[in-house]
Amino acid sequence: MTSLPQAVGRSPVRRLAGTLHRRPRLRLSLLLTAPLLWLAVLYLGSLAVLFVSAFWTTNSFTSEVVKVWSTDNFHQLLTTPVYRQVILRSVGVALAVTLLCAVIAFPVAFYTARIARPERRPLLVVAILTPLWASYLVKVYAWRLILSQGGLADWALKPLGLSGPGYGLVAAIIALTYLWLPYMILPIHTALEQLPANLLDASADLGARAGRTFRSVVLPMVLPSVAAGSVFTFSLSLGDYITVQIVGGKTQLIGNVVYSNIELNLPMAAALGTVPVVVIVVYLLAMRRTGALSSL
Amino acid sequence: MEAKAIRLQGLRKAFGETTAVAGADLEIADGEFFSMLGPSGSGKTTVLRMIAGFESPTEGRIELAGQEVTGLAPFERDVHTVFQDYALFPHMTVEENVAYGLKVRKVPKAERLVRARKALADVRLEGFGRRRPAQLSGGQRQRVALARALVGRPRVLLLDEPLGALDLKLREQMQVELKAIQREVGITFVFVTHDQEEALTMSDRVAVFNQGRIEQVGTPAEIYERPATAFVAGFVGTSNLLDGPSAQQVVGAPGTYSIRPEKIRVLQESARPTEPAATEPADAGAADAGSTEDDEATARATDSAEPEFSTAAGTVAEVVYLGDATRFLVDLDAGGRLTALQQNLETSSEDVAALRGTRVRLRWHRRHAVRVPDPR
């Protein structure tokens with residue numbers, strides 16, 4: 001058969017395809033060079049710059065960055081009560097939002113994954129995801145309206161002799177919980193949907209009532225997915241500063257302090273910025289123990 | 001008289017438009033190994049799930065040990081289930097799995113450990129308690145599921161095709177083990193399977209299901225030897241039916257008849273001296289050559305001479321060599337096709353293939369042609 005090599009050699013595109021087919025390393029490098037450059041230069045690079053600049057200082061008169069190596073910023077972070085409070089408050093808010101999301105998401109996911117009619121489930125999932133298509137700002141401003149004085153929250157709670165929480169820490173937690181809830185519902189929904197029905201049957205068969213089955217079978221099997229969802233809710237809450245600005249009143253979180261320091265004291269802002277990175281790395285390591293990362 | 005372990009009365013189950021079980025009446029005695037046999041979708045698993053309480057019947061009544069349980073939840077019934085795919089809790093160890101039912105019933109920790117270990121030993125899994133189900137083989141998981149269901153000493157054990165996922169060797173081994181365990185513990189076993197051999201070898205009695213109905217209930221021998229319907233005749237064992245004009249001609253009466261393949265003898269019609277017969281060495285010369293032992297009988301093997309036997313002439317359409325036996329598919333001159341199974345006792349196995357296309361005469365005892373109602 002002499003026609004085959006001729007056929008291959010005919011067009012340059014085919015020749016290139018042939019070369020690529022024979023050289024898998026070349027193929028791989030062509031595929032990955034651009035994304036790897038993006039990751040290394042833009043993402044890791046900026047993180048490195050952030051981390052390095054956290055060790056610089058600022059001229060307090062001119063607000064100009066002085067490139068002198070010093071750990072003053074971190075020392076200040078850990079010793080100044082205001083900064084410590086801000087850090088603790090931010091972590092507290094992130095934890096509270098995560099907890100609230102888990103508590104709200106579980107029954108919702110249980111309904112969408114196990115109780116709703118199977119043919120309706122995809123629609124329900126779409127409904128859960130729909131808020132993610134709307135602009136973040138629109139949603140937060142909607143909450144600003146709801147929580148405003150004499151707004152929807154006040155009006156709804158008035159018959160009970162209560163009033164809305166107004167702007168502040170509670171409002172920030174409510175708005176953030178609302179924003180990140182879908183990220184918690186989805187993994188739990190998936191886990192519950194994949195939970196084999198016969199495990200529930202087996203538990204009942206062995207004498208367990210619904211509550212027992214939930215505690216001993218459903219919860220332990222879904223927990224990794226709750227942890228996976230919490231990775232989203234926790235990190236997104238920790239990094240947020242716009243929601244807090246809009247509905248948080250005077251509340252300051254790490255993000256706000258970073259924001260307000262960028263002009264005045266960039267190295268301090270950078271030092272503050274490394275805090276959530278460290279917290280989230282610690283959080284991820286903790287979550288890895290639950291098996292959450294393999295269920296992402 | 002003692003109350004039956006299980007009594008089903010007019011049990012019906014419909015899922016929307018489709019009827020899964022169309023009226024089942026059944027009584028299962030205490031300590032019985034009872035099989036529910038049928039093809040998939042025949043309703044046998046639905047009946048099992050209704051006994052367990054996972055499904056509630058659309059109509060009818062379920063009694064366990066004389067007490068009505070129709071409306072009770074699974075956890076209120078003294079039955080345990082071995083599931084088709086075992087349904088072991090993946091996040092628990094083997095021991096925790098086995099002890100789960102005891103824990104739920106608030107058996108003290110020390111006692112339930114002892115009982116769980118004993119149950120694991122009973123299924124020959126000592127030392128596996130600390131493992132996770134994922135670290136076990138299929139057969140081992142199967143036995144954990146069995147231990148988990150048996151440890152609570154239920155009155156009735158329901159088994160939903162528990163051997164379906166195992167390979168052939170393991171399945172045969174487990175059949176023997178299951179039967180031994182059942183005899184040992186004396187618990188009523190209700191065993192769902194689509195494998196007729198499994199049902200025949202293990203059960204005291206068998207119910208054959210088809211399209212949501214019970215076609216026949218009986219001992220394995222009754223089911224096999226005297227199938228009540230054409231479906232049973234076909235589903236249990238090889239379908240071997242004579243009907244229509246060929247039945248009229250061969251059996252001498254109209255109707256549908258089931259004849260088990262191994263009851264049929266294959267006799268060579270025009271045996272050439274050089275060619276061996278299917279069953280025994282060729283009896284050269286005789287027109288209806290047959291076995292040497294039946295010589296005097298077969299020499300005159302005609303309907304008139306031997307009223308207790310039926311014979312039918314035909315042509316061998318196919319010869320299937322099975323190792324220990326050979327299966328002959330014979331097209332009858334009277335119409336229709338019968339399968340005959342012959343043990344390869346004295347025949348040289350290599351020779352049987354040569355019988356394809358030759359003329360033969362089939363012969364069977366009249367009592368082995370069982371009249372069944374015409375297929376619906």
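Just so it is clear, the model here is predicted, and its values are computed rather than measured. We name chains A, B, ... by the order of the sequence lines, and we start the count at 1 in each one. As a basis for the values below, the full set of heavy atoms in this structure was taken, side chains included, without hydrogen atoms, waters or symmetry mates.
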Can you confirm whether Glu68(B) is buried at CD, in the sense that more than 12 heavy atoms of other residues, nucleotides or ligands lie under 6.0 Å from that atom? yes
For Ser90(A), what residues pass the side-chain contact (heavy atoms from CB on, under 4.5 Å) criterion, not counting sequence neighbours? Val86(A), Leu238(A), Leu253(A), Ile254(A)
Distance col, row Asp201(A):CG vs Phe54(B):CZ, nearest 0.5 angstrom, shows 4.5 Å
Within a radius of less than 6.0 Å around NZ of Lys139(A), do more than 12 heavy atoms belonging to other residues, nucleotides or ligands occur? yes
Using a heavy-atom cutoff of under 4.5 Å, enumerate the residues of residues 83-97 of chain B that contact chain A, numbered in order, or state 'none'. Phe83(B), Asp85(B), Ala87(B), Leu88(B), Phe89(B), Pro90(B), His91(B), Met92(B)
Quick one: closest heavy-atom pair of Tyr100(B) and Thr213(A), and the distance? OH-CA, 4.1 Å
Is the number of heavy atoms from other residues, nucleotides or ligands under 6.0 Å of Leu129(A) CG greater than 12? yes
Chain A heavy atoms under 4.5 Å from Arg49(B): which part of the residue, side chain, backbone, both or neither? side chain
What heavy-atom pair brings Leu206(A) and His80(B) nearest, and what distance separates the two atoms? CA-CE1, 4.0 Å
Tell me if the CZ atom of Arg23(A) is crowded by more than 12 foreign heavy atoms within 6.0 Å. no
Taking CZ in Arg105(B) as the centre, count heavy atoms belonging to other residues, nucleotides or ligands within less than 6.0 Å. Is the count above 12? yes
To the nearest 0.5 Å, what is the distance between CG (Leu158(B)) and CG (Asp205(A))? 7.0 Å
Are more than 12 heavy atoms, taken from residues, nucleotides or ligands other than Phe51(A), located less than 6.0 Å from that residue's CZ atom? no
